[in-house]
**Q** 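Would you mind keeping the following structure in view while I ask a few things?
Protein chains get the first letters and strands the later ones, always in sequence-line order, with residue 1 at the start of each.
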There are 2 protein chains.
Amino acid sequence: MKTSTIIIEDNVEYCNEIIEKLRLIENVQVLGCFHSLEDALAFLDRGQTADFFLVDIGLPGMDGISGIGEILMRNPETKIAMLTIFDDKELVFNALKNGACGYLLKGESEGRFQKAIEEIVSGGGFFTPSIAQMVLKFFRKKPFSKHKITKREKEILQLMSDGLAKKQISDRLFISYSTVDSHVKNIYKKLHVNCGVQAVMKANEEGLI
Amino acid sequence: MKTSTIIIEDNVEYCNEIIEKLRLIENVQVLGCFHSLEDALAFLDRGQTADFFLVDIGLPGMDGISGIGEILMRNPETKIAMLTIFDDKELVFNALKNGACGYLLKGESEGRFQKAIEEIVSGGGFFTPSIAQMVLKFFRKKPFSKHKITKREKEILQLMSDGLAKKQISDRLFISYSTVDSHVKNIYKKLHVNCGVQAVMKANEEGLI
DNA sequence: CGAAAAATCCCGTGTTTACGGGATTTTTTG
DNA sequence: CAAAAAATCCCGTAAACACGGGATTTTTCG
């Protein structure tokens, strides 16, 4: 059974290019293409659907990123891949957050393109190396933390992130409130923040906890 | 110039298997293999190095995950890929956090294995489809938020996560302190938390912000 | 239109925080 | 060993928070 596919891309020329590429991939059957997200959503609202959507990110009207959410709201099982010339960090992560299964750069070689599509329709995820690189960087703890937090401080930061008050932390660690307070003060200084929320957020971002 | 490669794997048999596979890949030159991380670190401490390390995750003595950090501490430019039979979520993310460039399952087909290695040594990242799937799930916003936060609440949550105090938020949004206080109270109720840190953390986890 | 949801506002109180100033005792490590 | 780093403890105060109780006005939407 082939994977029914819809393309959403406003540039007609490029659209045809993609269709040609997709024709070469077995297991994929192109149902058609729309030139705006609104059209595609109307299609879904008519009760019709597809297994796989290939969506351009820079569409007139509703943009691709918002579109992902809309499509998934109507059909949560759909697989969606973004198609774009940009590899902007924010865009990529926003797309992923909204539920995209993959992110393809338009310049991708034919082989890579095919490979990626195959992975996605078969239920896997796919990142081109540059996207994978971004994801790696995202996860990677920052260079052994300019902010050299001590073991105890890290421990306390962790409990803070669980929502414990200083008093509760002191009880948990069998130390006095004053000690916790001191540690917290030091943490704030090291992270250059001045409240718990910021501290926990920053620690989180920097992979300290 | 070939990528000098070191394998760290305690199972001698499997180690040889890997070497055989790597021999087939041009651009890769296997320097040798160690059967424990300690040995590999000693090698590095002797001033020698390699471009690429392939590290088993389940080693006796120091485990692979901790090892990543140690290796990178001695040679930050090194590329590291984990080799394992498990695709446990925690392990994968911990490896990535510590700086791994890829994560390969031992059962991987020869073709995939080769592909993955090629991507990694050429500076890209690589995720097998199952790992990519995990990463996707990680990013994906949770099922349209059981916790239906309103627009305003989301806005306030965002400012909270920036470390703003309620007073500052009220100034920023041109509303009174009381109003912010009310919104915050509602947020706490909806998220079942009772302090700002928890609220922001939870919102963060659930992809609400 | 008319009800429900969201957004706005106020008061009061006890608790907790942030942060300034200290000081002492372990632990680590060159 | 001796210095440095980490962990422990105390006091005091102004500010901010959590949370209970309200109430009114917009917006949204069937």
**Q** Thinking salt bridges, do B/Arg152 and B/Glu155 make one under a 4.0 Å N-O criterion?
**A**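 Yes, this pair counts.
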**Q** Compare every heavy atom of A/Ser161 with every heavy atom of A/Val200, then report the nearest pair and how far apart it is.
**A**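 Between these two residues, the closest heavy atoms are CG1-CB, 3.6 Å.
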**Q** Given C/dA5, is OP1 or OP2 found less than 4.0 Å from the side-chain N or O atoms of B/Thr150?
**A**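 No, because none of the side-chain N or O atoms of B/Thr150 sits under 4.0 Å from OP1 or OP2 of C/dA5.
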**Q** Tell me the interatomic distance from B/Ile149, atom CD1, to C/dA6, atom C1', rounded to whole angstroms.
**A**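 One finds 12 Å between C1' of C/dA6 and CD1 of B/Ile149, rounded.
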**Q** Using a 4.5 Å cut-off on heavy atoms from C-beta on, say whether the side chain of A/Thr49 contacts that of A/Ile6.
**A**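 A/Ile6 does not reach A/Thr49 side chain to side chain.
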**Q** Ignoring hydrogens, what is the shortest heavy-atom contact between A/Gly196 and A/Met160? Give both atom names and the distance.
**A**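 What the structure gives for the nearest pair is CA-CE, 3.8 Å.
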**Q** Looking at A/Ser176, does any N or O in its side chain come under 4.0 Å of the phosphate oxygens OP1/OP2 on D/dC10?
**A**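 For A/Ser176, the contact criterion (side-chain N or O under 4.0 Å from OP1 or OP2 of D/dC10) is met.
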**Q** If a protein heavy atom is under 4.0 Å from the base, mark B; if only from the sugar-phosphate, S; if neither, -; do that for nucleotides 12-23 of chain C going 5' to 3'.
**A** ----SBBBBB--
**Q** Less than 4.0 angstrom between a side-chain N/O of B/Arg152 and OP1 or OP2 of C/dT8, yes or no?
**A**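 Affirmative; the distance criterion is met.
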**Q** Have a look at A/Phe139 and tell me which of B/Tyr103, B/Phe138, B/Phe127 forms a ring pair (Phe, Tyr, Trp, His ring centres under 6.0 Å) with it.
**A**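 Among the candidates, only B/Phe138 passes.
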**Q** Nearest whole Å is fine: how far is C/dA7 C1' from B/Lys190 NZ?
**A**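 Going from B/Lys190 (NZ) to C/dA7 (C1'), I get 11 Å.
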**Q** About how many Å separate CG of B/Leu54 and CD1 of B/Ile18, when rounded to the nearest 0.5 Å?
**A**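 If we round to the nearest 0.5 Å, B/Ile18:CD1 and B/Leu54:CG are 5.5 Å apart.
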**Q** If you take all heavy atoms of A/Asp56 and A/Thr84, which pair is closest and at what distance?
**A**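 Distance-wise, the nearest heavy atoms are OD1-CA, 4.4 Å.
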**Q** To the nearest 10 degrees, what angle separates the axes at the start and end of the helix from C/dC1-D/dG30 to C/dG30-D/dC1, five pairs each?
**A**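 For the helix from C/dC1-D/dG30 to C/dG30-D/dC1, the axes at either end differ by 70°.
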**Q** Roughly, in whole Å, what's the span from NZ in B/Lys148 to P in C/dA6?
**A**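 In whole Å, C/dA6 P lies 7 Å from B/Lys148 NZ.
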**Q** How close do B/Gln198 and A/Gly163 get, heavy atom to heavy atom, and via which atoms?
**A**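 Closest pair (atom of B/Gln198, atom of A/Gly163, distance): CG-CA, 3.2 Å.
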**Q** Could you tell me how far apart A/His183 (NE2) and D/dA6 (P) are, to the nearest whole angstrom?
**A**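 So the NE2-P distance, A/His183 to D/dA6, works out to 11 Å.
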**Q** Could you state the CD-C1' distance from B/Gln168 to D/dA16, rounded to the nearest angstrom?
**A**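 Taking CD of B/Gln168 and C1' of D/dA16, I get 11 Å after rounding.
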**Q** Rounding to an integer number of Å, can you tell me how far B/Ile187 CD1 sits from C/dA6 P?
**A**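 Rounding to the nearest Å, CD1 of B/Ile187 and P of C/dA6 are 13 Å apart.
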**Q** How far apart are the closest heavy atoms of B/Asn75 and B/Ala50, and which atoms are they?
**A**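 Smallest interatomic distance, heavy atoms only, reads ND2-O, 4.0 Å.
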**Q** In whole Å, I'd like the distance from the CD1 atom of B/Ile169 to the P atom of C/dA7.
**A**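 Result: 15 Å.
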**Q** Expressed in angstrom and rounded to an integer, what is the separation of B/Lys151 atom NZ from C/dA5 atom P?
**A**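 Spelled out: NZ on B/Lys151 to P on C/dA5 is 19 Å.
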